[in-house]
Amino acid sequence: MASASLLKTSPVLDKSEWVKGHTLRQPSTSVVRCHPVAPSGLTVRASSYADELVKTAKAIASPGRGILAMDESNATCGKRLASIGLENTEANRQAYRTLLVSAPGLGQYISGAILFEETLYQTTIDGKKMVDVLVEQNIVPGIKVDKGLVPLAGSNNESWCQGLDGLAPRSAAYYQQGARFAKWRTVVSIPNGPTELAVKEAAWGLARYAAISQDNGLVPIVEPEILLDGDHGIDRTFEVAKKVWAEVFFYLAQNNVMFQGILLKPSMVTPGAECKDRATPQQVADYTPQLSQRIPQLSLESCFLSGGQSEVEATLNLNAMNQAPNPWHVSFSYARALQNTCLKKWGGRPENVKDAQEALLIRAKANSLAQLGKYTGEGESEEAKQGMFVKGYVY
């Protein structure tokens with residue numbers, strides 16, 4: 001396959017930058033053009049869900065709101081429960097997820113919630129469907145569709161994300177159950193290269209997943225996570241991120257993915273977790289938006305992941321990125337950076353549910369303010385400032 005070069009900042013997509021001599025398949029169905037382009041410019045297919053996909057993406061990217069990522073696998077959820085002394089049972093997972101989705105007023109700050117498959121089909125402890133509770137809060141239900149990371153043969157101890165087999169019928173079933181967007185997490189490791197093989201595999205897998213999701217009515221979150229592992233500086237992260245995103249959009253185009261019907265979930269451009277030179281929020285805000293200048297000039301919606309940053313650090317960095325005009329809608333899709341304090345407050349005790357939900361709402365509101373560029377960081381607890389990086393972290 002052709003390799004994607006780093007994309008230029010021109011407002012017109014030059015097909016040669018993407019295809020390197022390959023001819024894109026011209027669909028017989030209607031097409032949607034990506035921004036004003038030259039007659040020979042790139043076209044992408046719109047599925048029968050095209051209008052709904054765009055509407056869903058816009059709803060999730062509404063001002064002052066972001067995504068609650070609560071899609072931890074049962075094994076990872078078990079680790080979270082173990083940290084507060086609870087056994088990993090379905091009843092305990094149900095109790096915790098009920099706490100999250102039923103927090104009063106959560107929909108004021110949260111527009112979408114990514115669920116694990118068990119949760120999508122689960123009821124609350126009161127017998128209501130989790131999906132229905134979210135919809136009542138004006139929160140769009142989403143679903144994690146990948147099957148996890150496995151070793152990538154021929155690479156430098158890197159990974160690839162499995163789950164494409166059977167994805168189409170699973171996605172159709174998820175849509176019927178009420179899901180309207182999807183998540184597929186693949187990762188790139190800087191200490192291990194990253195090798196060209198690993199980058200291509202990550203980009204191709206994301207593109208196939210995105211096309212299949214759109215064909216079945218789900219807005220795909222495109223998430224090539226640059227892991228925090230390593231002692232590299234912020235410039236190295238930026239160079240890798242440029243390469244990864246160029247490959248991702250190259251293969252999205254080859255797979256006829258409709259760009260207006262996707263959500264981006266990039267990593268923030270930060271130094272490695274073990275780097276001695278830490279970046280300020282302003283440095284993160286200076287580097288990260290530059291990625292948008294190297295991929296298509298579209299009105300895309302981006303929801304950044306926290307990647308092991310502390311709750312406060314993730315919020316400060318998001319706020320800094322929203323302090324200046326941005327070509328994208330820049331919001332959040334956080335898991336631990338929304339849940340960490342909440343989980344500890346709960347401790348598995350029914351009498352602590354209200355306090356735990358209040359902790360969740362505090363974090364959600366802080367990130368809502370950060371999405372609007374209005375977060376100040378005042379009154380934050382020391383616990384919320386503690387880093388959550390875990391080397392080799394997996395879901």
Min side-chain heavy-atom separation Leu316-Val284 under 4.5 Å: no
Does the side chain of Asp215 come under 3.5 Å of the side chain of Tyr49 through a donor N or O and an acceptor N or O? no
Looking only at atom types and distance, does a side-chain atom of Asn352 sit under 3.5 Å from a main-chain N or O of Gly348, one as donor and one as acceptor? no
Hydrophobic cluster membership, Val135 vs Leu100, 4.5 Å side-chain cutoff: yes
Would you mind reporting whether Phe238 and Val269 have side-chain heavy atoms less than 4.5 Å apart? yes
Spacing of Lys144 atom NZ and Phe116 atom CZ [to the nearest 0.5 Å]: 7.0 Å
Determine whether the side chains of Glu117 and Gln177 contain a donor N or O and an acceptor N or O closer than 3.5 Å. no
Sort out for me which residue in Val133, Ile110, Thr119 forms a side chain to side chain contact (heavy atoms under 4.5 Å, CB included) with Val101. Val133
Hey, are the side chains of Leu264 and Phe259 touching, using non-hydrogen atoms and a 4.5 Å cut-off? no
Main-chain N/O of Asn156 paired to Glu158 side chain as donor or acceptor, under 3.5 Å: yes
Just one of Lys243, Arg236, Lys242 clears the salt bridge (charged side-chain N to carboxylate O under 4.0 Å, His left out) bar with Glu239, so which one? Lys242
If I take atom OG1 from residue Thr270 and atom CZ from residue Arg278, how far apart are they, to the nearest 0.5 angstrom? 6.5 Å
So, taking the atom named CG in Asn88 and the one named CG in Leu81, what distance separates them when rounded to the nearest 0.5 Å? 6.0 Å
If only atom types and distance count, is the side chain of Asn192 paired as donor or acceptor with the main-chain N or O of Asn157 below 3.5 Å? yes
Using modelled atom types only, decide if a donor and an acceptor are shared between the side chain of Thr98 and the backbone of Thr124 within a distance under 3.5 Å. no
Is a side-chain donor or acceptor of Gln122 paired with a backbone partner of Val131 at a separation under 3.5 angstrom? no
Got Gln357 and Pro104 here, is their nearest side-chain heavy-atom distance under 4.5 Å? yes
Going by distance alone, is a donor N or O of one side chain under 3.5 Å from an acceptor N or O of the other, for Thr56 and Arg180? no
Okay, side chain of Asp132, backbone of Lys128: is any donor-acceptor separation there less than 3.5 Å? no
Cation-pi check, Arg80 to Tyr96: give yes when NZ or CZ is under 6.0 Å from the six-membered ring centre and within 45° of the ring axis, no otherwise. no
Does this structure show an ion pair linking Glu225 with Lys265, if we count only N-O contacts that are shorter than 4.0 Å? no
Heavy atoms only: give me the nearest Leu167-Val145 pair and the separation to one decimal. CD1-CB, 3.7 Å
Parallel, tilted or perpendicular, as decided by the 30° and 60° cut-offs, for the rings of Tyr251 and Trp204: perpendicular
Can you see whether Thr186 engages Glu223 through a side-chain donor-acceptor pair at a distance of less than 3.5 angstrom? no
Non-hydrogen side-chain atoms of Arg65 and Asn138 separated by less than 4.5 Å: yes
Between Ser111 (side chain only) and Gly66 (backbone N and O only), is there a donor and an acceptor less than 3.5 Å apart? yes
Roughly how far, to the nearest 0.5 Å, is the CG atom of Leu86 from the CG atom of Leu343? 8.5 Å
Please tell me if the side chains of Ile262 and Val257 come closer than 4.5 Å, counting only heavy atoms from C-beta onward. yes
Closer than 3.5 angstrom, by distance alone: can the side chain of Arg185 be matched with the main-chain N or O of Pro224 as a donor-acceptor pair? no
How long is the straight-line distance from OG1 of Thr315 back to CG of Leu338, given to the nearest 0.5 Å? 7.5 Å
Within the structure provided, determine whether Val54 and Met258 are in side-chain contact (heavy-atom separation under 4.5 Å). yes
Can you see which heavy atom on Gln371 is nearest to which on Val330, and at what distance? NE2-O, 3.1 Å
Between Asn322 (side chain) and Ala370 (backbone), is there a donor-acceptor pair under 3.5 Å? yes
With a 4.0 Å cut-off on N to O distance, would you call Lys276 and Asp231 a salt bridge? no
To the nearest 0.5 Å, what is the distance between CE (Met130) and OG1 (Thr123)? 6.5 Å
A side-chain contact here means heavy atoms from C-beta on lying under 4.5 Å apart; do Ser159 and Leu152 qualify? no
Donor-acceptor under 3.5 Å (Asn319 side chain, Tyr375 main chain): yes
